[in-house]
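Some notes on the structure that comes next.
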Amino acid sequence: MAKNNAPTFVVTGKCRLSYAHIWEPSRMSDDDPLKYSACIIIPKTDKTTLDKIRAAVEAATKDGIASKWKGKKPANLKLPLRDGDDERPDDPAFAGCYFFNANSRNRPQVVDMARNEILDQDEIYSGCYCRFSINFYPFNGKQNGVAAGLGNVQKVCDGERLAGGTRAEDDFNDDFSDGDGALDDIL
């Protein structure tokens, strides 16, 4: 992770966490290494965070030109920041937002607003609002681009869960009775 004064380093404002894999690493395919990851959703109205990200991506692009791409910017450079209205038009969580994916081989530290470590994994979930420390860096391989390295996570507040599914207490809140007393025989 870059030092927090590096031009490629960003601490976001209040963003929404989605596809949260910050407690246990996961992989996209069997050939990929295990990584901690998060999809970070940024409201288009958060100009401060977006400006910081664009400046960090530009700094990482310049670094890539100097260190990885033989002195010139690749024609089809893959950039991390994507438009939710264009790429996920049917998902209301991405409406009016930009998003990017960040990952790391190292588990991020997760803290609350007082910077105390959060140990309860139920506290951080897809849908809650957090701040993230991110380092943008150039990569090359099958494709050239700029990626986002996930640093640490600070929970700001709760939000509606994006994980799908329902809660058991909601599913079974219907005063069920089997009507013939069979449950009484079991219990």
Show me the side-chain donor-acceptor pairs of residues 59-79 shorter than 3.5 Å, one per line, residues at least two apart or across chains.
from: T61; atom 1: OG1; to: V57; atom 2: O; distance (Å): 2.8
from: S67; atom 1: OG; to: D63; atom 2: O; distance (Å): 2.7
from: W69; atom 1: NE1; to: F139; atom 2: O; distance (Å): 3.2

Donor-acceptor under 3.5 Å (S133 side chain, N152 main chain): yes
With sequence neighbours left out, which residue pairs that include part of residues 32-46 fulfil the side chain to side chain donor-acceptor pair (under 3.5 Å) condition? S29-D32, K44-D83, K44-D85, D46-T49
So, for [X] and [Y], which heavy atoms are closest and what is the spacing to 0.1 Å?
X: G127; Y: L162; result: CA-CG, 3.6 Å
X: E123; Y: K155; result: O-NZ, 2.8 Å
X: P43; Y: L50; result: O-CD1, 3.9 Å
X: R16; Y: A93; result: NH1-CB, 4.2 Å
X: V10; Y: A56; result: CG2-CB, 3.5 Å

Say you draw a straight line from [atom1] of [X] to [atom2] of [Y]; how long is it, rounded to the nearest 0.5 Å?
X: I53; Y: T12; atom1: CD1; atom2: OG1; result: 7.0 Å
X: D158; Y: C128; atom1: CG; atom2: SG; result: 7.0 Å
X: M113; Y: C130; atom1: CE; atom2: SG; result: 10.5 Å
X: I22; Y: S126; atom1: CD1; atom2: OG; result: 8.5 Å
X: N103; Y: L150; atom1: CG; atom2: CG; result: 7.5 Å
X: I124; Y: Q154; atom1: CD1; atom2: CD; result: 9.5 Å

Can you establish whether the number of heavy atoms outside Q109 located under 6.0 Å from its atom CD is more than 12? no
How about CD on E160, more than 12 heavy atoms from neighbouring residues, nucleotides or ligands closer than 6.0 Å, or not? no
May I have all residue pairs that pass ring pair (Phe, Tyr, Trp, His ring centres under 6.0 Å) and include part of residues 94-134, sequence neighbours excluded? F94-F99, F100-F136
Hydrophobic cluster membership, with links at side-chain heavy-atom distances under 4.5 Å among I/L/V/M/F/W/Y: are W23 and L17 in one? yes
So [Y] and [X], do their side chains get closer than 4.5 Å, heavy atoms only?
X: L34; Y: R27; answer: yes
X: C39; Y: N101; answer: yes
X: I42; Y: L81; answer: yes

